[in-house]
Amino acid sequence: MKPSFSTSEPEQVAGKPCILCCAITGSLPTKANNPAVPISISEQVESSHEAVEAGASIIHAHVRNDDQTPTSDPEKFARLKEELEKHVPGVIVQLSTGGRSGAGQTRGGMLPLRPDMASLSVGSNNFPTRVYENPPDLVDWLASEMKTYEIQPEIEAFDLSHILKAISLQETGKLYGKLYVQFVMGVKNAMPADKEIFDIYVETMKRRAPDANWCAAGIGATQLTVNEWAIAAGGHTRAGLEDNVRLDKDTLAPSNAALIKRAADLCEKYERPVATLAQAREILGLRPAA
């Protein structure tokens, strides 16, 4: 018999609103991988609008150069944020400080724009072909900048140690706002999409940070599986072309909205309403939309 890692009663999830985050672009997928990947600002705004209509309330955003390479250019982020707020009013804008788009403090150059949220990786790990470096001094600086500009971080956790580090940062007052942790599963050489490990993550959050919110993202073919695990367990979830460009091994996803719709359909399966823009802001403790 396999050991059980859960020590608490299963959460009653029916009726609990579920926040859907759409990771629209990322740093890696190009139009060669899927023509639907939005690269330009106008493409990203249109794709975001469709995703919100399908149920997304958070847009997790990267920016690209004209040649599709990733960048941390604050001016590009400023244009994207302005256009999202204009054309998708009320949406939660979450800008990426990820390490594929820049090095060192350039990764936080857009934080003075005061987006609603920003991603924050709090530890290093292996990616498919490189080490994803998040040294402690950079983590502390990014967290401090987010506090200065009143930006709530979304912690991107690629390992159990990252979850524990996030809880420690919250307990010592280094993070702004409510704790929100995202489990990222399925990255090659990092944490696989393993249900028992997922259960450990959920139990750790319940035991160590019972007032925090959490979500989960699956990379590649694991996206839909991790979406379902998260929704069934009472958490929130993420989908989008950054993480997965296919509906299945033979079919490219036609849009970000199509991937969000699959997650919304799972919410219906588990009798969970998809959170509205206003509900998502309330759940996360964010300031009202401008």
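- Listed for the N227 side chain is no donor-acceptor partner under 3.5 Å among the backbone atoms of L266.
- Looking at every heavy atom in both residues, Y201 comes nearest to L160 through OH-N, 3.5 Å.
- Atom-to-atom distance recorded for L252:CG and L247:CG is 8.0 Å, nearest 0.5 angstrom.
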- Item | Q44/L80 under side chain to side chain contact (heavy atoms under 4.5 Å, CB included): CA gap, chis, key distance, verdict | CA-CA 8 Å; Q44 291 190 60; L80 177 57; 3.5 Å; yes
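- A salt bridge is absent between K269 and D265; no separation between the charged side-chain nitrogens and carboxylate oxygens falls under 4.0 Å.
- Formation of a donor-acceptor pair under 3.5 Å by the T276 side chain with backbone atoms of Q279 is found in this model.
- K147 is linked by a side-chain hydrogen bond (donor to acceptor under 3.5 Å, both in side chains) to nothing, counting only residues two or more places apart in sequence or in another chain.
- Defined by atom type and a distance below 3.5 Å, a donor-acceptor pair is missing between the side-chain atoms of S124 and N134.
- Between the side chains of S121 and Y132, at least one donor-acceptor pair of N or O atoms lies under 3.5 Å.
- Hydrophobic side-chain contacts under 4.5 Å tie V274 into a cluster, directly or through other members, with L20, I260.
- Taking the side chain as every heavy atom from C-beta outward, S48 and V91 never approach each other to under 4.5 Å.
- Judged by distance alone, the side chain of E53 and the main-chain N or O of E50 form no donor-acceptor pair under 3.5 Å.
- Scored by the side-chain contact (heavy atoms from CB on, under 4.5 Å) test, N189 finds N126 as partners (sequence neighbours excluded).
- Heavy atoms from other residues, nucleotides or ligands lying under 6.0 Å from CG of D66 number 12 at most.
- Within a 6.0 Å sphere centred on CD of E75, other residues, nucleotides and ligands contribute 12 heavy atoms or fewer.
- No salt bridge links K86 with E82; every basic N to acidic carboxylate O contact stays at or beyond 4.0 Å.
- Annotation: the span from L241 atom CG to L259 atom CG amounts to 5.5 Å, rounded to 0.5 Å.
- Remark: W214 pairs with F183, F198 by the ring pair (Phe, Tyr, Trp, His ring centres under 6.0 Å) rule, at least two apart or across chains.
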What pairs of donor and acceptor atoms, side-chain ones from residues 137-145 against any protein atom, are under 3.5 angstrom apart with sequence neighbours left out?
none

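- Of the possible polar contacts, none joining the T97 side chain to the R107 backbone as a donor-acceptor pair under 3.5 Å is found.
- Atom CG in N256 sits 3.5 Å away from atom OG in S47 (nearest 0.5 Å).
- In this structure, L284 and Q152 have side chains that are in contact, with non-hydrogen atoms separated by less than 4.5 Å.
- Nearest heavy atom pair, residue D250 against residue D248, reads N-OD1, 2.8 Å.
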- Query: What do the steps show when you test E43 against K31 for salt bridge (charged side-chain N to carboxylate O under 4.0 Å, His left out), and what is the final call?
  - Reply: CA-CA 12 Å; E43 288 176 337; K31 290 188 179 295; 3.3 Å; yes
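- A 4.5 Å side-chain heavy-atom check between I231 and R272 finds at least one atom pair inside the cut-off.
- In this view, Y176 satisfies the ring pair (Phe, Tyr, Trp, His ring centres under 6.0 Å) rule with no residue, not counting sequence neighbours.
- K178 and D211 are not joined by a salt bridge, as no carboxylate oxygen comes within less than 4.0 angstrom of a charged side-chain nitrogen.
- The CG atom of L111 sits 9.0 Å away from atom CZ of F77, with the distance rounded to the nearest 0.5 Å.
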- Query: Is there a side chain to side chain contact (heavy atoms under 4.5 Å, CB included) between I92 and R281 once you walk through the steps?
  - Reply: CA-CA 7 Å; I92 297 168; R281 285 182 179 276; 3.9 Å; yes
- Task: Please report the C-alpha distance between E203 and R207 in whole Å, then the side-chain angles of each, then the deciding distance to 0.1 Å, and finally whether the salt bridge (charged side-chain N to carboxylate O under 4.0 Å, His left out) criterion is met.
- Result: CA-CA 6 Å; E203 188 60 33; R207 179 168 50 87; 5.3 Å; no
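- Distance check: I151 CD1 to M146 CE gives 6.5 Å after rounding to the nearest 0.5 Å.
- Partners of T129 according to the side-chain contact (heavy atoms from CB on, under 4.5 Å) rule, which considers only residues two or more places apart in sequence or in another chain, do not exist here.
- Applying the 6.0 Å contact sphere to NZ of K81 captures more than 12 heavy atoms from other residues, nucleotides or ligands.
- Note that CG of L286 is 6.0 Å distant from CG of D116, once rounded to the nearest 0.5 Å.
- S119 and S96 get closest at one heavy-atom pair: OG-CA, 3.2 Å.
- Counting heavy atoms from C-beta on, the side chains of Y180 and I155 never come closer than 4.5 Å.
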- Just do the side chain to side chain contact (heavy atoms under 4.5 Å, CB included) check on K76 and T71 with the steps written out, would you? CA-CA 9 Å; K76 291 182 184 292; T71 178; 3.7 Å; yes
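- Ionic pairing of R287 and E150 is not present here: no N-O contact between side-chain nitrogen and carboxylate oxygen is shorter than 4.0 angstrom.
- Within the structure, ring-ring contact (aromatic ring centres under 6.0 Å, His included) contacts touching residues 264-290 (residues at least two apart or in different chains) do not occur.
- Qualifying ring pair (Phe, Tyr, Trp, His ring centres under 6.0 Å) partners for H62, counting only residues two or more places apart in sequence or in other chains: H60.
- The salt bridge (charged side-chain N to carboxylate O under 4.0 Å, His left out) check on E83 picks up nothing, with sequence neighbours excluded.
- The residues R238 and E156 are annotated as salt-bridged, a charged nitrogen and a carboxylate oxygen being separated by less than 4.0 angstrom.
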- Full working for side chain to side chain contact (heavy atoms under 4.5 Å, CB included) between I58 and M117: CA-CA 9 Å; I58 300 174; M117 302 181 75; 4.2 Å; yes
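- Not one N or O on the side chain of T237 forms a donor-acceptor pair closer than 3.5 Å with the backbone of A230.
- Considering only heavy atoms from C-beta on, V93 stays 4.5 Å or farther from I59 through its side chain.
- Between the side chain of H236 and the backbone N or O of C215, no donor-acceptor pair lies under 3.5 Å.
- In terms of the side-chain contact (heavy atoms from CB on, under 4.5 Å) criterion, residue partners of D159 (sequence neighbours excluded) are, by chain and number, S161, H162, M191.
- Under a 4.5 Å side-chain heavy-atom cut-off, the cluster of Ile, Leu, Val, Met, Phe, Trp and Tyr residues that includes L28 has no other member.
- The main-chain N or O of Q68 is never found under 3.5 Å from a side-chain atom of N65 such that the two would form a donor-acceptor pair.
- Side-chain contact between I219 and M185: absent, with no pair of heavy atoms (C-beta onward) separated by less than 4.5 Å.
- You'll find the side chain of V122 stays beyond 4.5 Å of the side chain of I163, heavy atoms only.
- A 4.5 Å side-chain heavy-atom check between E154 and V181 finds every atom pair outside the cut-off.
- Remark: the backbone N or O of L169 is paired with a side-chain donor or acceptor of T172 at under 3.5 angstrom.
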